[in-house]
Each structure stands twice: as C-alpha cells, then as structure tokens.
Amino acid sequence: MRILHVASEIFPLVKTGGLADVVAALPPALAKRGLDVRALLPGLPGVLDGIVGLRPVTRVGPVFGAASVTLCQGRLPDSGLPAYVIDAPFLFRREGNPYTGPDGNDWSDNHRRFGLLGWTAAHLASGELDPEWTPGVVHAHDWHTGLAPAYIMQNPGLKTPTVFTIHNLAFRGIFPMECHYDLDLPMHRANPRGMEFHGNISFMKAGLVYSSKITTVSPTYAREIRTPEFGCGLDGVMRDRAGDLSGILNGVDYAVWNPANTRTAKAYSVDDLAGKKVCKRALQLEFGLSTQARGPLFAVVSRLTSQKGMDLLLAVLPELLREDAQLVVLGTGDGDLEAGFRYAASVNPDKVAVCIGYDESMSHRFMAGADVLLVPSRFEPCGLTQLYALRYGTLPLVCRVGGLADTVVDVNDENLAADKATGFVFGEAARHALGARIREACGFYRDGGDAWTKVQQRAMRQDFSWNDSAANYERLYRELQARNAAGKED
Ligand code: ADP
Ligand code: GLC
C-alpha cells in the first residue's frame, strides 16, 4: 500500500511546532508496518539542506508565479524514507519561519506557495510527475495541504482517496477571495459548499470539504470541534462530515524523547530517578535560580500564546511564587506575553527564569529538570509536550481539553487509590482554576512523601508510542482503498 504524506514541516529539518514531530514520526511507524510511505515537502532551505541525496525527478516548469519548479527526490535524514521535495526557489527559498517574513507577517503569496504544495500532491497522485511511484492514498496535514483533495477531485479520472488531518483548526488558511484566481480551480470550488469562508477562501475548509476522510489528533478534540465553542466557525462543516471524522491520538518518538539519552545533564530511568535530581540542579544553576526553594520547579516549553493559556499563567504567577515554587519558561510568541514573562524574571531572579527563543536541546533539559510541566491550554488538539513530560517523570499540569484530557489522569483520591494518576488536571481554562491546581500541586509535592515518586513512575511507564496510532491510520487507509476498489468495479 503506497501512502503519500504531504506536509509543510518535518523535524529536524523545519519545525515550528508539534506538526513537525508528527510528520517525522508517523511515516516511519507506518513503514515499520510494511506500508510503502513517502513524504512530499516544500523546498524550504532547511529541507533542501537536510534531505539526503536530493536529485531532480521532473522539471515542472513555471507554475503558481514561480519561473522554475522542479520536483526532486531524496531521503529523510533519520528514517531514510523517500521524500519528494518541490524546489521552487522563488516561492520557497526563504530563510526563517516557513509561513512569515522577517516582519512577522504572513508572506503575501502564501496561497500560491501552499497551493503549489497541494497541486503537486494531486499530480503525483495522477502519475504525471513520477510514473514510477503513484500513491494509493494521499494523506494531507493541516491547512497548508488543504488544496490537495480539491485538486485531486478536480481531475474526473482520478479516484485517489484522501485523508486530511487537522492538527489545529484555529489556523484556517484564510485568503481574500481574489486569491482564488491564482489557484487554477474553477469558480464553483469557491462557493459556500466548497472553500468559501465568510467571503474569503479557506484552505482548511477545502481540506475538510473535499477529503475522503478527516482525522484529528485526539478523540476529545474530534468531538469538541463539532461545537461552536471549539469549531472556529467550521463546526457546521464538522457536523456535516461527522460520519467521516475521527480522532487518532498522536504518538511519541521515544528514540528522541527519552530521559536515558545524552541530551540531559544526567541520564535516568523509571527504576533509578537519582539522575533527575541532578538534572533539576543543573537547570537551576544554568538559569541562576536558587537551589533551596521548598516548592516544585514548574516549566513551560511552548508557543507563548493565548491558545496555550500563557496569559492565565502570568496572572497566577504571584500565587505560584507564594508557594516558594519556581518557574522556567522556554518559548516564543506574542510580544506582550514575552514581555510579561521577561519582566517576571527580572523582578524574581532566583525564582523565575525565561528564555525567549526556540531551542530544541534546551527543551530536553527543561523536560528533565522540572518537577511539573505546565500546559494550561484553552484548547489543545493533542499536545505533545505533556506526553514528553510523562516520559521524563515531570508531572504535567493541564487543562481538561482535547488531547490533554485524553492523556493525563488527574491526581485525586480516587485515581491515586486506583494507581492511575499521572498528573494534575483542572477543569476550566480560568485563572482561579489554574491557580488552585498549582497550589494543590505544590501541596502534594511538599506533603505527598512517596506518593509523588509513585506518580512519577506511573507517568514514566505510560506508553504513547506510535504503534497503536499507526495501526489506526493503516485501518483507515485500507478501508478507503477497499471502498475505492469496490467503486471501480461498479
Ligand atoms: P503546538 O504544536 O501547538 O505548538 P505541541 O505540544 O503539539 O504544541 O508541540 C510543540 C512542539 O514544539 C514540541 O515538540 C515542543 O517541545 C516544541 N517547542 C515549543 N516551543 C519550543 C521552544 N521554544 N523551543 C524548543 N521547542 C519548543
Ligand atoms: C498542533 C496542535 C497540537 C498538536 C500538534 C501535532 O500544533 O496545536 O495540539 O499536538 O499540532 O498534531
């Protein structure tokens, strides 16, 4: 079974968030199950530099405003899986963030850049670009690839089934209606039954409307996005397509996220947690924090945005500090939140430390050194950092939404008695609820005795590897292929 994964980012070549981790880990997990998997990526600088043995397959010529577009092929650096790369220098050879320019605004031609990505997927599916390998299913990730199903549908002879995975519905890929003329799609695709969205067009909506199956990255988020509260204006579409929508939880690549690896000050494991104390002290010293605090060391590794509840955290910071707890923050995001955390660190230098930036290796040191990882998100399609924290014996403190609700079991009397608790869960993304749970976590840390260690060990034993999720995706592909084959016989 041949599966083409289409995405805009992939760890370690280009990463702005969890999407990159998933796109790096899911294809090898499927390949391990015997599937023939390839990736299709835009030729961003990190991709052109990182793919091994890149060579041209087909010269596509001038499309989407680019004078030269070449489809190349090489291998992914870690898994060795084949990857197609669209080398369109005018559109993709731009340094920095894949979506925004140096001024922080979206590139004005993003509709062309990601239109080309979807278009190329469709032309690979039709066999025009690489006759040697034609995918049986195209699996497209997030709005950047939302046009792949639309272009596939555009070709009446092409029946390739498509899976469209929502990683975050809040990013809908919205462009002015005029952009539609640059996309080489007929006008009726931009009507309200198609990709029209309040007078504009939405690439996310195209993916939702034209794909054969929709998945999202946790069962709870799959339910939430059918409601106005979480549906980002697309909940009606979700309800229409409810029969084709399912939630498949993301997994973790435990080869990358593992406290026994060398990225931390000292390796440790579930049977020997001594190294974790060394990691904590090293992190405190690295940031000039006191090593004498009686409360736990809380950490944040996150985009600093309101999705992630970072404004709530700033608001309750005085309560956290009153518990003689500490906070380390690694992240980038909204300017006012960055400034808020910087200020908090400047006035509490022995208790709060902030690193505004993106640093993969530091994120491992945070996971290993902290006692608690804070993820107070207002919504969270899956969330990966809480899964990483579990493996590092760093108890997640999360809001009960989306994938956070599906992966963290609250420390309460019932769950402790049943040997199930793995972290701290609060019910409502509100300041008082977060503050209360932080105080309770501090109390459990101070007074819980052995109970804290027991919860840590249980957290570390959780298995969120890709095996089950990959099996679920495989089932979906097989179902689509069977349906397709039956359709052809009719
Ligand atoms: P999202 O994709 O919504 O940002 P996830 O929890 O799914 O949230 O994934 C975030 C990913 O990005 C994780 O791998 C996390 O470790 C990483 N990450 C976020 N911020 C930073 C940062 N400032 N430095 C390093 N890694 C980060
Ligand atoms: C998105 C979501 C996050 C999810 C990630 C990977 O960025 O915000 O919750 O874990 O995609 O699917």
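First listed ligand is number 1; within each ligand, the first listed atom is number 1.
- Nearest heavy atom pair, residue Ser306 against residue Arg378, reads O-NH1, 2.9 Å.
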Distances only, to 0.1 Å: what are the N or O pairs between ligand 1 and the protein that fall under 3.5 Å?
| unit_1 | atom_1 | unit_2 | atom_2 | d |
| --- | --- | --- | --- | --- |
| ligand 1 | 2 (O) | Gly18 | N | 2.7 |
| ligand 1 | 3 (O) | Arg303 | NH2 | 2.8 |
| ligand 1 | 3 (O) | Lys308 | NZ | 2.8 |
| ligand 1 | 4 (O) | Arg303 | NE | 2.8 |
| ligand 1 | 6 (O) | Leu384 | N | 2.9 |
| ligand 1 | 6 (O) | Thr385 | N | 3.4 |
| ligand 1 | 7 (O) | Leu384 | N | 3.4 |
| ligand 1 | 8 (O) | Lys308 | NZ | 3.0 |
| ligand 1 | 9 (O) | Gly18 | N | 3.1 |
| ligand 1 | 14 (O) | Lys15 | NZ | 2.8 |
| ligand 1 | 14 (O) | Asp21 | OD2 | 2.7 |
| ligand 1 | 23 (N) | Gly357 | O | 2.8 |
| ligand 1 | 24 (N) | Asp359 | N | 3.0 |

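- Under the rule for a side-chain hydrogen bond (donor to acceptor under 3.5 Å, both in side chains), the partners of Asp244 that lie at least two apart in sequence or sit in another chain are Lys213, Arg241.
- Aromatic ring centres of Phe171 and His144: separated by at least 6.0 Å.
- The 4.0 Å heavy-atom shell around ligand 2 contains residues Gly18, Leu19, Val22, His167, Asn168, Val217, Asn250, Arg303, Gln307, Glu380, Pro381, Cys382, Gly383, Leu384, ordered by chain and number.
- Proximity of a side-chain donor or acceptor of Asp334 to a complementary backbone N or O of Asp336 within less than 3.5 Å is not detected.
- Screening Trp119, Phe203, Trp143 against Phe114 for a ring pair (Phe, Tyr, Trp, His ring centres under 6.0 Å) leaves a single residue, Trp143.
- Closest of all the heavy-atom pairs between Ala121 and Val6 is CB-CG2, 3.8 Å.
- Looking at residues two or more places apart in sequence or on another chain, you find no ring pair (Phe, Tyr, Trp, His ring centres under 6.0 Å) involving Trp466.
- In terms of heavy-atom proximity, Thr162 sits nearest to Leu480 at O-CD1, 4.2 Å.
- Classified by interplanar angle (parallel below 30°, tilted 30° to 60°, perpendicular above 60°), the ring pair Phe366/Phe287 is perpendicular.
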